[in-house]
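Reckoned from all heavy atoms, side chains included, excluding hydrogens, waters and symmetry mates. Source: prediction; values computed, not measured. Chain identifiers are assigned alphabetically (A, B, ...) following the order of the sequence lines, protein sequences preceding nucleic acid strands; residue numbering begins at 1 within each chain.
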Amino acid sequence: MSSISNWLTSSIGKKFIMALTGLLLILFLVVHLINNLFLFIGPDLFNENVARLDAIKPLIRVVEVILAILFIYHAYNALTLWWNNKKANPDKYAVNGSKENSTLYSRWMVITGTIILIFLFVHLSTLWATYNFGMEGSEEFYDVIRNLFSNPLWALFYFVIMILLGFHMNHAFQSAFQTMGWNHKKYFPLVQKTGTAIAVIFTIGFGSIPIYFFLLSLGGKG
Amino acid sequence: MSEQTLNLTLKIWRQETPSAKGYFEEFKVAISPDASILEVLDILNNDLEKEGKRPVAFESDCREGICGTCGIVINGHPHGPIPKQATCQLHMRNFQDGETIYLEPFRAKAFPIIKDLIIDRSAFDKIQQAGAFISFNAGSAPDANEIPIPKEVASLALDAAECIGCGACVATCKNSSAMLFVGAKVSQFALLPQGQPERYQRVQEMVAVMDEAGFGSCTNTYACEAECPKGISVTNIARMNRDYLVSKMTTKS
């Protein structure tokens, strides 16, 4: 057991956990996005779909626990890495050349990640809590979303976070491959492009929802 | 030889002892564009000594870009703003008349400052001693040629072996991570047949010493590759990660 914990607490081991949990969380977001896109088809199909998930609640609960563990481990590991890295580099340069030698996405990972974590708590306490405990028997899940995003502040907040999520993804996907050791000039450019594509799809896919419902609210009942 | 002289303002980090508080001291110099940055410091030091002042402490050895001794952070870039060259190869023609140039030591907790621009890189020696060798008799050059090695593999190994251990990767990394250095040292053996018997033991032992020495961990910003005077590729870090993962899954330790 000690050799496994030695591995997972080593610098490369911690990075491995970041990569593994990160890739699994991307997988979750793909499923989440597919479910969300039902919103564009209309209230009936979306409500039906949520009700279908509601019907297998025990299974969903298991998945939720796994997701919670993934998120917490990903965030906890990131913050310990960040703290150790800060300690390893306490003195800053008077002139910093980082803009010329690295991307903003890569340097901002801990910032975008922390904002996404805070967003996650807000998101859970608004939509997830309402869906799970605040519906009072109603199955009008679609209306909950529509009401939330008719408020321009909520719509803007969600939209901005989705841009930051894109920033995070753009670096994260290829970074996970590099950490796992899957970097070869033959396929790595494709990995990088895939990461950017995921970032764009997530930002447009998730980010269009608050915009859509806000615009819908401007046009009265839609 | 060009005729004109450059008037430059140098802001140089001065620090008397490892524990003393450092500060920037400003110097005005008029210098030939053909001088290297180290020659500028030589000339400046001659003048300082004549005036009875303490010269600027800096390190250099070969002055032809192969020993890795002369690392200085120049305007925010280890070894200066020109890619793929060491500090000693940086000439003043790359700067404009009237420019201000900041000279700072490599900064990392694992590389304590000894004096002014000189840092203690013995952490790298400790990592090297932990596994960057072959502990059996690998024979002489003719013996090595007995083993066929594909050209592509030999080139990758030699690319990794180009690392001069200067520490620019650590200096530029926002986490002061040594993974480009260790990745290169692990790779040059991992790629060749002579390195195979100790391949997985080596990566574990070198990474353990790297972690102990207080270097940070890699967040894949790839700043190290951009600043490396030898252009060492971050695919060497990926190889180290891969070997470390395999070693942890296939060995007892």
B/Glu26 CD: over 12 foreign heavy atoms closer than 6.0 Å |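 Count over threshold, so yes.
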Sort [X] into side chain, backbone, both or neither according to what part of it lies under 4.5 angstrom from a heavy atom of chain A.
| X | result |
| --- | --- |
| B/Phe215 | backbone |
| B/Phe24 | side chain |
| B/Pro78 | neither |
| B/Val170 | neither |
| B/Ala213 | neither |
| B/Lys11 | neither |
| B/Lys248 | side chain |
| B/Cys224 | neither |

Selection from [options] maximising heavy-atom pairs under 4.5 Å formed with chain B:
| options | result |
| --- | --- |
| A/Gly13, A/Ser98, A/Gly97 | A/Gly97 |
| A/Met180, A/His184, A/Lys185, A/His171 | A/His171 |
| A/Asp91, A/Val110, A/Asn84 | A/Asp91 |
| A/Lys86, A/Met18, A/Lys92, A/Lys14 | A/Lys92 |

Under 4.5 Å heavy-atom distance to chain B, tell me which part of A/Tyr105 shows up: side chain, backbone, both or neither.
-> neither
Non-hydrogen atoms of chain B under 4.5 Å away: do they reach the side chain of A/Tyr93, the backbone, both or neither?
->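 Answer is both: backbone and side chain atoms of A/Tyr93 are under 4.5 Å from chain B.
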Contact check, side chains of [X] and [Y], non-hydrogen atoms, under 4.5 Å:
| X | Y | answer |
| --- | --- | --- |
| B/Met179 | A/Ser11 | yes |
| B/Ile82 | B/Leu90 | yes |
| B/Trp13 | B/Asp116 | no |

Go through [options] and name the one with the most non-hydrogen pairs under 4.5 angstrom from chain A.
| options | answer |
| --- | --- |
| B/Ala110, B/Gly216, B/Ala223 | B/Ala223 |
| B/Leu245, B/Val246, B/Asp243 | B/Leu245 |
| B/Asn241, B/Val207, B/Thr235 | B/Asn241 |
| B/Val234, B/Thr251, B/Thr172 | B/Val234 |

Answer with yes or no whether the side chains of A/Asn170 and A/Thr196 bring together a donor and an acceptor at under 3.5 Å.
-> yes
Is the closest side-chain donor-acceptor distance between B/Glu99 and B/Thr9 under 3.5 Å?
->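 Per modelled atom types, B/Glu99 and B/Thr9 side chains form no pair under 3.5 Å.
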Derivation of the side-chain contact (heavy atoms from CB on, under 4.5 Å) call for A/Trp182 and A/Val191 | CA-CA 9 Å; A/Trp182 300 323; A/Val191 171; over 6 Å; no
Got a salt bridge between B/Lys115 and B/Glu59, using NZ or NE/NH1/NH2 to carboxylate O under 4.0 Å?
->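 No, B/Lys115 and B/Glu59 are not salt-bridged.
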Hey, are B/Glu104 and B/Arg107 close enough for a salt bridge, meaning a charged N less than 4.0 Å from a carboxylate O?
-> yes
On the ring face of B/Phe189, is B/Arg199 found with NZ or CZ under 6.0 Å from the centre and within 45° of the axis?
->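 No, B/Arg199 does not sit over the ring of B/Phe189.
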Hey, would you say the A/Phe206 and A/Tyr158 ring centroids sit under 6.0 Å apart?
->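 No: the rings miss the under 6.0 Å criterion.
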